[in-house]
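Here is the structure we will look at, set down as structure tokens.
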Amino acid sequence: MEINRLTKVLFVATMILSFVLVSLRGFDGVWYRYFIRFVLLFSYIIPLSLRVNLDMGKIVYSWMMSRDGEIPGTVVRSSTIPEELGRIVYLLTDKTGTLTQNEMVFKKLHLGTVSYGFESFEELATLVHQYRSNENPPRGRTLSKVKKTAIYCAFEAVKACALCHNVTPVEPDETMPSEHAVVTYQASSPDEIALVQWTEKMGVALAKRDLTSIQLRGPDGKFLVFDMLQVFPFTSQRRSEER
């Protein structure tokens, strides 16, 4: 930024100096030719080669940073990173895990008058398994009565958490042994990843996601396919609203 500002200052100085010399000579005749001549003569004041050399130096510095053995895994995404690091005086961070490992854990689920925590998550997982094991409601009971049961409410709550997010499952590498193959999740918010990981422990796992549908795998191994009607992307405004 300083180089750009200095270049502008030198250009203005060149124009002023050329105008002053033309004024001393007088504006008789084709004075504008002399003005252009002076501008061309004084154009060497602006060091264009300096800008090129600086850009080349930034590229070399970025390459050296990405190859530094003391900071493995560093990815330099901009050639201006060296001068940006040189400007750092104070380093501030918040609680969202900018410089720390941000691990979100789902602790409690509240359903009306019923609350499930760490000590009762096993009970919740049992209710989810019971719902999927009984695909048809008992005879003699209407659907409205079935909805009021704890089993139905538990399964619907877990299913809602497994559906309402922007998480994408990543399949493990085919070259990896099957006993070490683990599906990972990617999302812009660690909160949503925590939800999906929790629903997987409860028995409802996110199996597949594309542009139009989401596929869940129940505790019985059967797959449930849902169509996506609307997607609300995770933004900074939505993050502040969630807080």
Side-chain angles (χ1 to χ4, degrees), residues 1-104 165-170 184-193 209-212 228-243:
M1 184 175 296
E2 284 79 4
I3 297 298
N4 294 334
R5 187 181 299 111
L6 179 61
T7 303
K8 295 177 182 179
V9 171
L10 293 176
F11 176 76
V12 173
T14 301
M15 300 297 291
I16 294 176
L17 185 59
S18 301
F19 183 80
V20 170
L21 293 178
V22 172
S23 300
L24 294 177
R25 182 185 178 281
F27 292 96
D28 300 333
V30 287
W31 59 270
Y32 55 87
R33 291 186 179 178
Y34 293 97
F35 179 77
I36 297 175
R37 183 179 299 174
F38 286 128
V39 171
L40 294 176
L41 290 174
F42 293 127
S43 63
Y44 291 98
I45 298 177
I46 304 176
L48 298 178
S49 59
L50 176 62
R51 180 59 182 270
V52 176
N53 294 335
L54 286 176
D55 291 339
M56 293 180 62
K58 293 177 183 178
I59 296 175
V60 174
Y61 292 151
S62 302
W63 179 82
M64 294 176 62
M65 294 174 64
S66 61
R67 303 276 295 183
D68 194 345
E70 297 184 359
I71 47 177
T74 303
V75 179
V76 181
R77 304 185 185 275
S78 175
S79 61
T80 61
I81 190 68
E83 62 176 335
E84 295 295 335
L85 291 176
R87 299 172 186 270
I88 296 178
V89 179
Y90 299 100
L91 187 60
L92 305 178
T93 179
D94 55 9
K95 61 181 181 179
T96 58
T98 306
L99 297 178
T100 59
Q101 187 175 4
N102 194 359
E103 294 184 357
M104 306 297 292
H165 53 74
N166 292 322
V167 182
T168 302
V170 179
T184 57
Y185 302 104
Q186 290 184 353
S188 56
S189 170
D191 305 350
E192 296 181 332
I193 296 180
R209 181 192 182 103
D210 52 29
L211 297 177
T212 59
M228 287 193 297
L229 302 180
Q230 183 66 37
V231 177
F232 299 95
F234 186 81
T235 60
S236 58
Q237 181 179 1
R238 177 181 160 194
R239 186 188 189 99
S240 61
E241 290 175 353
E242 290 179 353
R243 292 179 180 178

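What's counted below: heavy atoms across the whole structure, side chains too, no hydrogens, waters or symmetry copies. Residue numbers start at 1 and run along the sequence shown.
In Phe11, the CZ atom is not crowded: 12 or fewer heavy atoms of neighbouring residues, nucleotides or ligands sit closer than 6.0 Å. Taking a 6.0 Å sphere around CZ of Phe27, one finds it holds more than 12 heavy atoms contributed by other residues, nucleotides or ligands. Taking a 6.0 Å sphere around CE of Met228, one finds it holds more than 12 heavy atoms contributed by other residues, nucleotides or ligands.
Once rounded to the nearest 0.5 Å, the distance linking CG of Leu10 with CG of Leu17 reads 11.5 Å. One finds the OG1 atom of Thr14 at 13.0 Å from the CZ atom of Phe38 (value rounded to the nearest 0.5 Å). In this structure, the separation between CD1 on Ile193 and NE2 on His165 is 10.5 Å, given to the nearest 0.5 Å. The distance from the OG atom of Ser23 to the OH atom of Tyr34 is 14.5 Å, given to the nearest 0.5 Å.
Between Arg209 and Thr168 the shortest heavy-atom distance is CD-OG1, 3.9 Å. Across Met65 and Val76, no two heavy atoms sit closer than the pair CB-CG2, 4.0 Å. Among all heavy-atom pairs drawn from Pro169 and Tyr185, the shortest one is CA-CD2, 4.0 Å. Shown here for Val231 and Asn166, the closest heavy-atom pair between the two residues is CG1-OD1, 3.5 Å. Residues Ser18 and Phe42 share a closest heavy-atom pair of OG-CD1, 3.7 Å.
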Go through it in stages, so that I can follow the logic: the residues are Leu21 and Arg25, the test is side-chain contact (heavy atoms from CB on, under 4.5 Å), and I'd like the CA-CA distance, side-chain angles, deciding distance and then a yes or no. CA-CA 6 Å; Leu21 293 178; Arg25 182 185 178 281; over 6 Å; no
